[in-house]
Structures are given as structure tokens and as C-alpha cells.
Amino acid sequence: MPRIPCSSPTSTAKSCRSTTSSQLLGFRPDELIEQSLSRFISPQETREFTAALREVVECGVSRDAQLNPHTASGEVIPTRLNASALRDANRRVIGAA
């Protein structure tokens, strides 16, 4: 499934611009930039997503976090999040993919 949200372990979970994401969700790419995930998923799923990101930072990977983002027309698209830590040359976590 397409990757919709992205984040940094030091910032609030945000949505990233992606042609696939904008097509899947029915938003223009500029409508996805710097938007809170709460615009697309429920508060409980936002908490679960944040917990999955913590798991990525602590363990290096997160598997099968369930998200149900909403499209511009209100349709729900069940999505599973699998992420791995992105590290810099000093092995510090700088993001997730």
C-alpha cells in the first residue's frame, strides 16, 4: 500500500507531499504539505501512529500499524504502516521510511 504519513522523531507527525498520496486521498499535493495527521486519521490512530514512530526510534522498525485515512470525499482506505529508521552517519535516527 502507498506510504502516506511521514515524520521525524523530533517533530509532530505530519503528512508528506507525495503524488501517490495525493492521488490516493484525492487531495492536491499542496493540500497535504505540513498537515496534521489528525486531518486524515482518528485521534486514536494518531496516538497509535506516534507509538509506532517511537518503536521505530527505539527498535529501528515498526510493523503492521493499522491506519484508516480518509479521502477528500470521506472514503476510508485501510492501510498498514511498516517503517524502518533512517539514520545519519553517526547512527542517530533522523526519520522513518
Side-chain angles (χ1 to χ4, degrees):
M1 292 184 169
R3 185 180 59 158
I4 297 167
C6 63
S7 182
S8 154
T10 59
S11 68
T12 304
K14 296 284 186 182
S15 228
C16 61
R17 184 162 95 177
S18 152
T19 302
T20 301
S21 298
S22 64
Q23 289 174 349
L24 179 70
L25 295 175
F27 292 98
R28 293 185 323 266
D30 63 298
E31 293 177 299
L32 297 176
I33 297 172
E34 294 298 317
Q35 292 297 308
S36 170
L37 287 175
S38 63
R39 179 173 179 192
F40 308 104
I41 60 177
S42 73
Q44 175 62 32
E45 288 174 321
T46 300
R47 287 188 291 276
E48 291 171 11
F49 176 77
T50 302
L53 283 179
R54 277 192 211 102
E55 184 179 11
V56 169
V57 171
E58 293 169 9
C59 304
V61 68
S62 181
R63 300 211 190 305
D64 294 329
Q66 180 69 41
L67 303 174
N68 294 294
H70 299 273
T71 66
S73 66
E75 179 184 0
V76 174
I77 301 175
T79 305
R80 290 209 181 268
L81 172 70
N82 294 290
S84 297
L86 298 174
R87 299 182 186 275
D88 66 12
N90 296 319
R91 304 289 301 149
R92 289 180 307 184
V93 176
I94 58 172

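When reading the values below, keep in mind they use all heavy atoms of this one structure, side chains included, and skip hydrogens, waters and symmetry mates. Predicted model only: the values in this text are computed from it and were never measured.
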Are V56 and L67 grouped together when hydrophobic residues (ILVMFWY) are joined by side-chain heavy atoms under 4.5 angstrom apart?
-> no
What heavy-atom pair brings P69 and L25 nearest, and what distance separates the two atoms?
-> CB-CD2, 4.0 Å
Any pair with a residue in residues 42-57 that passes salt bridge (Lys or Arg N to Asp or Glu O under 4.0 Å), sequence neighbours left out, goes on the list, sorted by first then second residue, please.
-> none
Could you note down all residue pairs passing salt bridge (Lys or Arg N to Asp or Glu O under 4.0 Å) where residues 81-97 supplies at least one of them, sequence neighbours left out?
-> D88-R92
Should L81 and S62 count as side-chain neighbours, where that means a heavy-atom distance under 4.5 Å?
-> no
Excluding sequence neighbours, so at least two apart, what forms salt bridge (Lys or Arg N to Asp or Glu O under 4.0 Å) with D64?
-> none
Side chain proximity check, E75 to H70, heavy atoms < 4.5 angstrom = no
Looking at CZ of R80 and CG of N68, how far apart are the two atoms once the value is rounded to the nearest 0.5 Å?
-> 9.5 Å
When rounded to the nearest 0.5 angstrom, what distance separates CZ in F40 from OG1 in T71?
-> 10.5 Å
